[in-house]
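Notes follow once the structure below has been shown.
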Amino acid sequence: MRISLRAMQSCGLKTPPPYNCGPIESKIRERLNSKLNPNKLEIRNDSWKHAHHSGMKGASNTVESHFHVTIISKEFENMKSLARHRLVFGILKEEIPDIHGFQIVCKTPEEESK
Amino acid sequence: MFSSLRSNIIRSSLRTNTINTRFNAIRFISAETRAAIDEAVKSAPVVLFMKGTPDAPACGFSRATIQLLGQQGVDPSKFAAYNVLEDPELRQGVKEYSEWPTIPQLYVNGEFVGGCDIITNMSHSGELAELLDDANALVEE
């Protein structure tokens, strides 16, 4: 793990680093899988796109700072998008404070198939 | 306290470059922070807590949100933006107040609407235009 993280950090800014799953991403996956039993869960680490942004200056976490998460789960049925996002934020309340940018797409299987 | 906060409201035109009033370094205790945010939320029909200012957003998500509000034609006189980077207590306080862990945060008529993802979806679906129109917050054509 240590080697892969170093590889990510030394990577250039303009191209995505070789895919390596860091500890925050692993935790996100584990928690969402166990709480939402998703039909589909995609976690995209966009940190490399933002590592040079002014808002990230001096940040200690530049390797796992930005995530885009797509969750397809029955748990979202009969919930408005605000409630869906709050549910996800609640599940990830320990991880979110360490993340600079967190985008979420929450859909039910029915919405996804449309 | 309220008047000092109000004086720091960044009233901005979404379309032209205008004034940027800076937040003073105001220190609140928690209950006061809550009361001040209450006041801020009600200071205009459309209120955005963001990173940076409408003219110089300091984060891509705040920038995207400002652009969406501009595209919808939000009336600058009905809009107030608060730069959370100018005040650490506001930055932390607004997350607790809204029970929402990220910035930007949009309020319309005192009601929490959501963050950047939700606003983006609502703008695609037409819900955002409807909400802003119902709030009488758009420039008249």
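What you see is a predicted model, and the numbers here were worked out from it, not measured in a lab. Every chain is numbered from 1 and lettered A, B, ... according to where its sequence line falls, protein lines coming before strand lines.
For the set A/H100, A/R84, A/K93, A/H85, the count of heavy-atom pairs under 4.5 angstrom toward chain B peaks at A/H85.
Following chains of ILVMFWY side-chain contacts shorter than 4.5 Å, one cannot reach A/F76 starting from A/V105, and the two form parts of different hydrophobic clusters. In terms of hydrophobic clustering, with Ile, Leu, Val, Met, Phe, Trp and Tyr side chains grouped at heavy-atom distances under 4.5 Å, B/V94 and B/I119 are assigned to a common cluster. Taken together through direct or relayed side-chain contacts under 4.5 Å among Ile, Leu, Val, Met, Phe, Trp and Tyr, B/Y107 and B/L69 form part of one hydrophobic cluster. Clustering ILVMFWY residues whenever any of their side-chain heavy atoms sit less than 4.5 angstrom apart, transitively, puts B/L128 in the very cluster that holds B/F49.
Both the backbone and the side chain of A/L82 come within contact range of chain B, with heavy atoms under 4.5 Å apart. The contact between B/K51 and chain A is made entirely by side chain atoms (from C-beta outward), counting heavy-atom distances below 4.5 Å. Residue A/H68 does not touch chain B at all, counting heavy-atom pairs closer than 4.5 Å.
Residue-environment remark: CD (A/E110) stays at or below the threshold of 12 foreign heavy atoms within 6.0 Å. Within 6.0 Å of NZ on A/K35 lie no more than 12 heavy atoms contributed by other residues, nucleotides or ligands.
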Under the criterion side-chain contact (heavy atoms from CB on, under 4.5 Å), I'd like the reasoning laid out for B/D117 against A/F102: C-alpha separation, chi angles, the key distance, then a yes or no. CA-CA 9 Å; B/D117 285 335; A/F102 194 72; over 6 Å; no

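When every heavy atom of A/I96 is checked against every heavy atom of B/P101, the shortest pair comes out as CG2-CB, 3.6 Å.
Between B/W100 and A/F89, the ring planes lie perpendicular to each other; the angle is over 60°, past the 30° to 60° tilted range.
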